[in-house]
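Notes follow once the structure below has been shown.
Read the numbers this way: they start at 1 and go in the same order the structure lists the ligands and their atoms.
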Amino acid sequence: MKQKVKIVIDGKSIELPVLESTEGLNVVDVRGLINEGMFTYDPGFLSTASCDSKVTYIDGDKGILLYRGYPIEQLAEHSSHLEVSFLLLHGELPTSRELNAFESSINENMKLDEHFKKIFDGFTSNSHPMAMVCAATAGLAALNHDNLDISDSEYRLNAATQLIAKIPTITAMAYRKSVGKPFIEPSADLSYAENFLHMCFGEPRSKPKVSKTLSSALDKIFILHADHEQNASTSTVRMAGSTECNPFAAIAAGTAALWGPSHGGANEAVLDMLIEIGEEAKIDAYVEKAKDKDDPFKLMGFGHRVYKNFDPRATVMQSSAHAVLEEQGAGDDPLLAVAQKLEKIAREQNYFVERKLYPNIDFYSGITLKAMGIPVPMFTAIFTLGRMPGWITHWTEMVSSPFKIARPRQLYLGSQSRDYVNINQR
Ligand code: CMC
């Protein structure tokens with residue numbers, strides 16, 4: 001029998017239908033409540049499903065993350081970021097022919113127009129990479145606006161291809177701008193992650209030299225970040241996209257949302273925090289600060305809105321971090337020692353255990369990216385690069401079916417209606 005939820009408003013009993021999920025919690029359908037003259041209240045969406053989706057499933061209590069039903073651990077071990085991107089976009093793993101065709105179309109679309117690159121001239125070398133990535137992604141809307149038709153599946157697929165193909169180039173350009181070096185073109189012979197590393201750290205007109213360990217660790221980082229259901233940035237993409245705006249602009253909005261330290265900016269904030277702590281002797285003082293209710297300081301890289309168990313992405317990241325640290329000879333980096341001790345303390349103390357504050361992916365990705373020689377301000381831009389297939393898949397999923405503009409309501413607590421008072425009478 002279908003479940004129903006009964007609520008009583010002023011003595012009147014109302015039945016609300018329950019929508020059944022294929023995995024995880026069912027959802028009370030409150031859409032009819034407006035007819036009873038009432039809204040629901042849930043700031044921060046703690047108990048609210050904002051949409052239905054077939055893309056990604058998370059069980060935060062068990063530490064499970066599935067993309068289109070496939071466990072993240074299996075994808076990280078056996079797949080590649082472009083294969084995962086195809087899976088997210090199309091719902092099924094590709095055949096080898098489909099994968100080859102997808103990889104080729106991404107590779108062919110990586111280059112940016114010569115005049116478009118001038119967008120970076122407007123920035124100084126100390127501009128934050130996320131500001132540059134956000135602006136350049138929004139700028140792509142200008143190149144993809146005349147033929148805008150979100151109801152056309154070909155337009156949607158082309159938008160997805162353009163975004164997944166161009167985001168490594170844009171991100172690498174933001175890096176090259178920040179170090180005052182000339183841009184490097186993508187190479188047809190390199191994989192997605194290799195191309196990104198080559199465009200960041202290669203020499204113009206020289207044969208690409210990219211470490212396999214680093215490119216495969218980076219590809220894994222991209223896979224682990226590729227989607228995470230209705231997080232703040234994905235919800236932002238959906239919300240902006242629900243106005244039927246240009247999808248490149250919706251993605252730029254998502255990029256802005258990702259930047260904050262409570263979300264994608266945490267990987268950068270983790271490193272800033274480790275640098276600030278600096279030595280093992282100071283760890284206890286910082287842990288006490290994090291526990292102090294009157295101090296806004298939080299241990300960056302710990303806790304998650306959904307995971308109340310180990311973040312499964314962090315488990316994969318932790319082991320791939322070791323391979324990178326070994327290759328880079330960074331095992332004796334003092335920041336690593338601070339990170340390891342901090343993790344141990346946080347996992348033993350009651351405050352963190354009771355609140356289920358486990359290390360999240362950003363805790364380990366920050367350490368890995370640092371060992372790879374990637375500058376700290378670039379970390380969130382790399383998260384953006386990895387998250388691109390997830391964002392564009394969610395946008396595609398939303399606009400492919402009937403949808404409504406996202407328009408939340410509010411609990412108004414301001415002044416009641418009053419008359420305007422002339423300035424000389426106030
Ligand atoms: N350090 C110390 N205390 C914490 C932390 C932390 N990192 N995170 C949460 N708490 C405490 C919080 O003060 C609260 O305590 P109390 O119950 O006594 O009031 C309790 O734990 C519950 O926290 P919350 O703020 O209600 O949880 P939330 O779901 O609203 O926030 C979060 C989740 C990720 C924003 C938060 O844990 C946080 O700010 N963590 C640090 C930033 C971080 O690492 N963010 C990356 C998240 S993973 C990447 C991604 O998916 O975007």
- prompt: Where is the nearest protein heavy atom to atom 49 (C) of ligand 1: which residue, which atom, and how far?
  reply: Asp362 OD2, 2.8 Å
message: Among all protein heavy atoms in this structure, tell me which lies nearest to atom 40 (N) of ligand 1, with the distance rounded to 0.1 Å.
response: Phe302 O, 2.9 Å
Positive for side chain to side chain contact (heavy atoms under 4.5 Å, CB included) with Thr169, one of Leu112, Ile184, Asn195, Leu385: Leu112
statement: for atom 51 (O) of ligand 1, nearest protein heavy atom and its distance come out as His304 NE2, 3.2 Å
query: Does atom 21 (O) of ligand 1 have any protein heavy atom closer than 4.0 Å?
result: yes
- line: min-distance protein heavy atom vs atom 33 (C) of ligand 1 -> Arg305 N, 3.7 Å
- request: Considering heavy atoms of the protein only, find what lies nearest to atom 24 (P) of ligand 1 and give residue, atom and distance to 0.1 Å.
  value: Lys298 NZ, 4.9 Å
query: Looking only at non-hydrogen atoms, which of Tyr351, Phe352, Tyr358 approaches atom 11 (C) of ligand 1 most closely?
result: Tyr351
- request: For the residue pair Tyr67 and Gln74, confirm or rule out a side-chain donor-acceptor distance under 3.5 Å.
  value: no
message: Under 4.0 Å, heavy-atom basis, I'd like to know which part of Lys293 is in contact with ligand 1: side chain, backbone, both or neither.
response: side chain
statement: Under 4.0 Å from one or more heavy atoms of Ser262, ligand 1 contributes atoms 45 (N), 46 (C), 47 (C)
message: At less than 4.0 angstrom from any non-hydrogen atom of Ala266, what atoms of ligand 1 do you find?
response: 43 (C), 44 (O), 45 (N), 46 (C)
field: His263 neighbourhood, listing ligand 1 atoms whose heavy-atom distance to it stays under 4.0 Å
entry: 46 (C), 50 (C), 52 (O)
message: Applying a heavy-atom cut-off of 4.0 Å, say which part of Arg355 lies close to ligand 1: side chain, backbone, both or neither.
response: side chain
message: Among all the protein's non-hydrogen atoms, which is closest to atom 42 (C) of ligand 1, and how far away is it?
response: Met300 CE, 3.3 Å
message: Does the residue Arg313 have a heavy-atom contact with ligand 1, meaning some pair of atoms that are separated by less than 4.0 Å?
response: yes
query: Counting only heavy atoms, which portion of Pro261 has something under 4.0 Å from ligand 1: side chain, backbone, both, or neither?
result: backbone
message: Is it true that Thr380 and Asn267 share a donor-acceptor pair across their side chains at a distance under 3.5 Å?
response: yes
- request: May I ask you to say whether Glu185 pairs ionically with Lys117, meaning some side-chain N is under 4.0 Å from a carboxylate O?
  value: yes
- prompt: Is there at least one pair of N or O atoms, one from Asn360 and one from ligand 1, spaced under 3.5 Å apart?
  reply: yes
- request: Say whether Leu299 and ligand 1 are in contact under the criterion: heavy-atom distance to a ligand atom below 4.0 Å.
  value: yes
task: Please check atom 28 (P) of ligand 1 for a protein heavy-atom neighbour under 4.0 Å.
output: yes
- request: For atom 16 (P) of ligand 1, decide whether some protein heavy-atom distance is shorter than 4.0 Å.
  value: yes
message: Looking only at distances, can you tell me whether any N or O atom of Leu357, backbone or side chain, sits closer than 3.5 Å to an N or O atom of ligand 1?
response: no
field: Enumerated ligand 1 atoms positioned under 4.0 Å from heavy atoms of Gly301
entry: 43 (C), 44 (O)
message: Show me which atoms of ligand 1 lie under 4.0 Å from any heavy atom of Ala290.
response: 2 (C)
